[in-house]
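Below is one structure, written out as structure tokens; comments come after it.
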Amino acid sequence: MDYFDILVSILGSTIRLSIPLLFTALAGLFSERAGIFDIGLEGKMLAAAFASACLAYVTGNPWLGLLGGIAVSIIFSLIHGFASITNRGNQIVSGVALNFVAAGLTIVLGQAWFSQGGRTPQLAGDARFSPITLPGVDLMRDVPYLGPLYVNVISGNNILTYLAFAAVPLSWWVLFRTRFGLRLRAVGENPGAVDTAGISVTFLRYRAVIVAGFLCGFSGAYLSIAQSAAFIKDMSAGKGYIALAALIFAKWKPVPVMFACLLFGFLDAFANFMQGKAVPGIGEVPVQIFQALPYVLTCILLAGFIGIAHPPKAGGVPYTKER
Amino acid sequence: MSTASVPLPNWITYGLMPLLNLLVAFLISGLVVWWIGENPVEALKLLIEGALGRGDAIGFTLFYTTSFIFTGLSVAVAFHAGLFNIGAEGQAYIGGLGAALVALTLDRYVPWYVTMPFAVIGAAIFGAAWAFIPAWLQAKRGSHVVITTIMFNFIGAALMVYLLVNVFIVPGKMAPETRTFLPGGQLPKLDWLMAWFGLKLGPAPFNVSFLIALVMCFLVWLLIWRSKLGYEMRTLGISPSAAVYAGIPYARTVIIAMLISGGLAGMMALNPVMGASARLQVEFVGGAGFVGIAVSLMGRSHPVGIILAALLFGILYQGGADLSFEMPNITREMIVVIQGLVILFAGALEYMFRPTMVHLYQRFKRA
């Protein structure tokens with residue numbers, strides 16, 4: 001295999017591995033820009049993956065599966081909102097709690113309903129999102145360089161992949177070009193000012209966490225009914241935290257979020273590729289280095305060595321209306 | 001009218017409300033059990049029997065309790081200084097490295113009681129070291145300690161897998177673990193303590209680290225409520241700006257609090273590594289660091305509360321394991337659900353019932 005083929009295959013899996021990160025990081029973007037920390041991304045993703053797999057299995061329809069995932073993820077968001085907005089509880093504690101509930105409940109219910117050790121039954125071909133072949137693949141196939149890229153990286157992904165990339169400019173537009181987005185960002189920086197303008201801080205923040213739940217629903221569905229054909233226990237495997245790292249790495253901005261997710265997806269794909277292979281002159285590079293790299297990079301960024309990341313000012317602080 | 005400023009007597013704030021929160025968490029857990037078609041009352045009975053019914057069951061319960069006391073104290077110390085240490089899991093994992101290095105070095109030369117103090121110090125130093133970078137980043141660079149400790153959990157896990165697979169593995173063996181420690185590197189079981197109560201420990205790994213945990217409870221109490229440093233930490237926790245205004249050095253206090261927290265988390269490793277399996281294994285922490293969050297929240301960050309909460313989670317862990325044999329429909333992960341619900345209701349929703357309580361209390365006082 002020559003180097004170009006290797007590159008194409010790594011890029012292809014980069015795309016596949018980035019998509020769940022991208023949806024989840026965008027979810028975190030909406031929540032954190034509104035001043036609600038969301039450690040619970042991981043749990044929402046896992047719960048959505050489970051719900052999607054169950055519904056897709058029962059109905060045989062991936063769209064209903066996706067809808068189920070979104071619904072469950074939004075329920076988790078609302079509990080997070082109830083704890084952290086209505087009851088002014090600690091947002092981090094609430095997120096941690098929901099992660100545990102999701103991790104436990106998916107296995108308990110999965111075992112009770114399907115008795116396959118926490119797995120859901122394998123989905124039939126049309127109960128999941130299958131790869132889409134874009135037009136012109138046959139024409140492009142023989143074009144040097146661009147052809148393989150088009151056929152193997154750009155084409156041949158499922159619908160959720162294209163939706164994820166469409167969600168990036170859409171998120172940017174909502175956050176930076178609409179009234180809702182302006183207010184959402186304001187409520188994360190200075191909720192007092194938003195309140196003074198006569199806008200409900202509570203309602204705005206609830207809408208922000210609902211959007212976050214909506215997006216996490218997509219990432220969960222991607223895991224269980226697009227990338228795989230069943231729910232496997234703990235299948236989110238820390239991706240929610242990597243997405244959180246990507247969000248911070250991108251300094252809470254939508255387009256950089258996409259690049260950060262692609263970078264972390266690339267690291268993951270590269271680690272898979274490097275497993276068991278020796279680098280000339282160095283020998284075999286331990287796969288753990290690639291696994292740890294996203295976290296190390298994020299810590300270095302947080303330390304202020306790669307520019308400074310300014311989180312939303314009112315992040316994590318419950319808003320108390322003055323009497 | 002806002003009820004947040006109305007004072008309530010201590011027995012409501014520290015007694016009734018935590019109990020009420022706990023009760024709701026358990027009621028919802030019961031609903032889950034009922035939902036999957038089992039009898040919650042029957043399940044509870046099996047769980048308690050499985051945790052406290054026999055000598056070895058009590059031994060296992062207290063073994064888990066020991067780990068949770070350490071991690072609970074770890075989270076609590078950071079909490080008093082206004083820091084949320086989610087990294088106890090990773091600090092305990094790295095602490096295991098410290099304990100194992102001491103045990104592997106000394107076990108063939110000296111008896112266990114000589115190894116033990118060095119192992120305690122080794123585990124604490126390694127745990128504290130793993131908390132140092134997040135602490136320094138929080139103190140000097142303003143990076144949020146929650147995020148960095150999460151990141152360090154993952155970095156620590158990758159590091160430990162690398163070390164166990166590539167460095168410590170016994171040549172010719174498949175399992176990524178160190179060699180078994182000789183008796184000089186093991187902490188003995190507490191058979192005699194159980195015998196006082198006429199119980200047989202059997203195979204349960206209840207060991208000397210339980211006593212170390214109790215000593216640490218006392219030391220943490222001394223530190224937090226009877227020392228200048230503890231006073232400074234609590235002041236910082238309640239109001240950082242007031243603390244700085246009063247001349248309390250912010251960076252130093254944050255770093256020391258996190259080092260103590262990391263050290264306590266590191267000591268947790270003594271229990272499973274030197275007290276039970278007598279070797280360092282992959283993922284030996286098994287979530288105890290996260291249980292520490294629930295334990296600390298439930299115990300209101302007080303050592304006595306932490307012992308009680310750790311005991312409760314010890315019962316849940318041991319009883320839950322037993323229950324999953326008796327009722328295969330309820331898997332072990334039910335404990336994780338209960339744990340999550342306890343954190344949700346005792347932590348994030350701790351004031352949910354407060355307005356109602358205030359109204360009831362005012363009516364009660366008027367009557």
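So that the names make sense, note that chain A is the first sequence line, chain B the second, and so on, each numbered from 1.
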Between B:Leu159, B:Ile338, B:Val161, B:Ile330, the one whose heavy-atom pairs under 4.5 Å with chain A are most numerous: B:Val161
Please output the residues of residues 75-85 of chain A in contact with chain B, using a heavy-atom cutoff of under 4.5 Å, in numerical order. A:Ile79, A:Phe82, A:Ala83
A:Phe100 side chain near B:Val342 side chain, heavy-atom distance below 4.5 Å: no
B:Ile133 CD1 to A:Cys299 SG distance, which is reported to the nearest 0.5 Å: 8.0 Å
Verify the neighbour count for atom OH of B:Tyr250: are there more than 12 heavy atoms of other residues, nucleotides or ligands below 6.0 Å? yes
When every non-hydrogen atom of A:Ile92 is compared with those of B:His144, the smallest separation belongs to CD1-CE1, 4.2 Å
In Å, rounded to the nearest 0.5 Å, how long is the span from CG of A:Leu293 to CD1 of B:Ile155? 9.5 Å
May I have the step-by-step check of side chain to side chain contact (heavy atoms under 4.5 Å, CB included) for A:Val93 and B:Ile293, ending in yes or no? CA-CA 8 Å; A:Val93 174; B:Ile293 299 170; 5.6 Å; no
Check step by step if side chain to side chain contact (heavy atoms under 4.5 Å, CB included) holds for B:Thr331 and A:Lys233. CA-CA 12 Å; B:Thr331 53; A:Lys233 68 176 181 180; over 6 Å; no
Shortest non-hydrogen contact from A:Gln288 to B:Asn166? OE1-ND2, 4.5 Å
Side chain, backbone, both or neither: which part of B:Phe84 has a non-hydrogen atom closer than 4.5 Å to chain A? side chain
Please classify the contact of B:Phe152 with chain A as side chain, backbone, both or neither, using a heavy-atom distance under 4.5 Å. side chain
Angle between ring planes, B:Phe154 versus A:Tyr295, binned at 30° and 60°: parallel, tilted or perpendicular? parallel
Which residues in residues 37-45 of chain A have any heavy atom lying under 4.5 Å from a heavy atom of chain B? A:Phe37, A:Ile39
Could you look at B:Pro134 and say if it's the side chain, the backbone, both or neither that has a heavy atom under 4.5 Å from chain A? neither
What distance separates A:Ile248 CD1 from B:Met151 CE, expressed to the nearest 0.5 Å? 5.0 Å
Return the CD1 to CG distance between A:Ile300 and B:Leu137, rounded to the nearest 0.5 Å. 10.0 Å
Going from CD1 on B:Ile36 to CG on A:Leu105, what distance comes out if it is rounded to the nearest 0.5 angstrom? 9.0 Å
Can you tell me how far CZ of B:Phe353 sits from CG of A:Asn87, rounded to the nearest 0.5 angstrom? 9.5 Å
Contact between B:Val336 and A:Ile107 at the side-chain level, heavy atoms closer than 4.5 Å - yes or no? no
Nearest heavy-atom approach of B:Ala348 to A:Ser94 is CB-CB, 3.4 Å
Could you check whether atom OH of A:Tyr57 has more than 12 heavy atoms from other residues, nucleotides or ligands sitting under 6.0 Å from it? no
